[in-house]
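Since the structure comes first, as structure tokens, the remarks are kept for the end.
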Amino acid sequence: MYQLESPPNLTVDLLGRRITFMTVSAIVDAIHIACIEGRKLTVANYNVHSFNLSMQLPWFHHFLQSAEIAHCDSMGILKAICWMGVKLPLEYRASYSLLMPKVLAHCNQHGFSIFLLGAKPECLNAAIAQVKQQYPNVIINGHHGYFDMQNAQENEQVIRQINHVKPKILVVGMGMPTQENWIQLNRERLNVNVMMLGGAVIDRLAGIVPNCPPMISNLGLEWLYRLCQEPKRLATRYLLGNPAFLFHIALAKTHSFFPKVQPMEPITRSRESSIHGSSEVPVRLSLD
């Protein structure tokens with residue numbers, strides 16, 4: 001079994017999916033650098049659901065490959081890679097319940113501005129109010145997610161609103177794969193430094209969706225906790241999606257398609273130009 005003694009930034013190729021393994025602190029550092037140096041950074045994430053979507057939707061797979069960061073947001077991903085012979089520390093699980101408070105605290109310390117896009121209007125307003133109360137130095141604006149993205153005029157109005165306030169960080173919380181599709185279509189026109197794909201993060205900031213208790217999450221049972229909270233909405237995702245993911249991983253292991261681990265390239269350019277290959281030599285692993 002291969003095990004790391006310290007958590008450097010890594011990329012792991014799992015069935016052709018480039019997953020970024022960075023600690024929460026490392027992701028916050030990357031966000032900070034993008035903000036102060038005026039770079040553009042897309043922060044996407046892999047969990048079991050997004051992994052399944054990447055197997056079903058070629059454009060979604062391409063989007064995740066093109067993101068500078070596609071971090072591990074799931075114990076399921078970590079456990080699958082461990083089962084295939086690569087043991088990575090728990091610090092690499094950068095779920096939004098861990099990541100977002102650190103990002104907000106960092107923005108509060110450095111005065112970075114944030115724009116929230118998504119959720120119902122009342123939920124969005126509650127989230128903004130909570131952030132202002134807990135992080136008073138954060139400049140925060142937002143727009144709800146209930147607009148017609150296919151309507152050019154409505155979509156343009158949202159983009160103009162975002163660009164008018166020029167936030168350092170845009171957090172899009174409209175659920176997968178809607179949020180990824182919106183960013184893919186509009187990111188070149190957005191006057192922001194960092195684009196984060198946050199799923200239900202706005203609902204969590206508003207207090208409508210509770211965070212999973214750490215003890216349950218660390219056991220890899222957050223999916224069960226969330227299923228109990230929202231059974232109607234999440235039944236298909238978990239009761240069908242989880243077995244489908246396990247099938248893919250078992251099939252890969254049967255055919256010896258083991259994960260490939262390599263040091264992460266410096267974030268100095270868009271992934272768009274490098275998704276078709278890398279000159280890096282993969283790290284040699286000793287697998288059980």
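Throughout, numbering of the chain's residues begins at 1 and tracks the sequence. For the numbers below, each heavy atom of this structure counts, side chains included, while hydrogens, waters and symmetry mates do not.
In this structure the side chain of T42 never reaches within 4.5 angstrom of the side chain of S66, judged on heavy atoms. Residues I77 and I81 have side chains in contact (heavy-atom distance under 4.5 Å, counting atoms from C-beta outward). Under the 4.5 Å side-chain criterion, counting only non-hydrogen atoms from C-beta, I27 is not in contact with V103. Residues F258 and V86 fail the side-chain proximity criterion, which asks for heavy atoms closer than 4.5 Å. Within the 4.5 Å cutoff, the side chain of M149 has heavy atoms near those of the M174 side chain.
Counting heavy-atom neighbours within 6.0 Å of Q153 CD, excluding the residue itself, gives a total of 12 or less. Other residues, nucleotides and ligands place more than 12 heavy atoms under 6.0 Å from the CD atom of E154.
Hydrophobic cluster membership differs between L251 and F257, with clusters built from Ile, Leu, Val, Met, Phe, Trp and Tyr side chains linked at under 4.5 angstrom. Residues L170 and F147 are members of one and the same hydrophobic cluster, defined by side-chain heavy-atom contacts under 4.5 angstrom among Ile, Leu, Val, Met, Phe, Trp and Tyr. I139 and L205 fall into different hydrophobic clusters, defined by Ile, Leu, Val, Met, Phe, Trp and Tyr side-chain heavy atoms under 4.5 Å apart, directly or through other members. L224 and L240 fall into different hydrophobic clusters, where Ile, Leu, Val, Met, Phe, Trp and Tyr are joined by side-chain heavy atoms under 4.5 Å apart, directly or via other members. Under the 4.5 Å side-chain heavy-atom criterion for grouping Ile, Leu, Val, Met, Phe, Trp and Tyr, W223 is connected to I216 within one hydrophobic cluster.
Here the closest heavy-atom approach between residue M22 and residue A30 is recorded as CE-CB, 4.3 Å. Residues A206 and C123 approach most closely at CB-O, 3.4 Å, considering heavy atoms. In plain terms, the two heavy atoms of T23 and P7 that are nearest each other are CG2-CB, 3.9 Å. Across N191 and N163, no two heavy atoms sit closer than the pair N-OD1, 2.6 Å.
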Using atom types as modelled, flag every donor-acceptor pair under 3.5 Å from a side chain in residues 46-58 to any protein atom, sequence neighbours excluded.
{"from": "N47", "atom 1": "OD1", "to": "H49", "atom 2": "N", "distance (Å)": "3.1"}
{"from": "N47", "atom 1": "OD1", "to": "S50", "atom 2": "N", "distance (Å)": "2.8"}
{"from": "N47", "atom 1": "OD1", "to": "S50", "atom 2": "OG", "distance (Å)": "3.3"}
{"from": "S50", "atom 1": "OG", "to": "N45", "atom 2": "O", "distance (Å)": "3.3"}
{"from": "S50", "atom 1": "OG", "to": "N47", "atom 2": "N", "distance (Å)": "2.8"}
{"from": "S50", "atom 1": "OG", "to": "N47", "atom 2": "O", "distance (Å)": "3.1"}
{"from": "N52", "atom 1": "ND2", "to": "G241", "atom 2": "O", "distance (Å)": "2.8"}
{"from": "S54", "atom 1": "OG", "to": "R17", "atom 2": "NE", "distance (Å)": "3.0"}
{"from": "S54", "atom 1": "OG", "to": "F51", "atom 2": "O", "distance (Å)": "2.6"}

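Annotation: the span from I19 atom CD1 to Q65 atom CD amounts to 9.5 Å, rounded to 0.5 Å. Distance CZ/F115 to CD1/I169: 14.0 Å, rounded to 0.5 Å. Here CD1 of I159 is found 5.5 Å from CG of L190. Values are rounded to the nearest 0.5 Å. Between the CG atom in L98 and the CG atom in D73 there is a gap of 9.0 Å [rounded to 0.5 Å]. Atom CG in L41 sits 10.5 Å away from atom CZ in R187 (nearest 0.5 Å). Note that the NZ atom of K102 and the SG atom of C107 stand 13.5 Å from one another [nearest 0.5 Å].
Defined by atom type and a distance below 3.5 Å, a donor-acceptor pair is present between the side-chain atoms of S97 and S95.
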Inset, instruction - May I have the step-by-step check of side-chain hydrogen bond (donor to acceptor under 3.5 Å, both in side chains) for N181 and W59, ending in yes or no? - result: CA-CA 9 Å; N181 185 46; W59 72 262; 5.6 Å; no
Inset, instruction - Might you work through the side chain to side chain contact (heavy atoms under 4.5 Å, CB included) test for R226 and R237, ending with a clear yes or no? - result: CA-CA 11 Å; R226 295 187 63 192; R237 177 187 300 187; 4.1 Å; yes
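Grouping Ile, Leu, Val, Met, Phe, Trp and Tyr residues whose side-chain heavy atoms lie under 4.5 Å apart, directly or via other members, places I36 in a hydrophobic cluster with F112.
Sorted by first and then second residue, the side chain to side chain donor-acceptor pair (under 3.5 Å) pairs with a member in residues 132-149 read Q130-Q134; sequence neighbours excluded.
Ring geometry for Y92 against F21 counts as perpendicular: the plane angle is over 60°, on a 0 to 90° scale with 30° as the lower cut.
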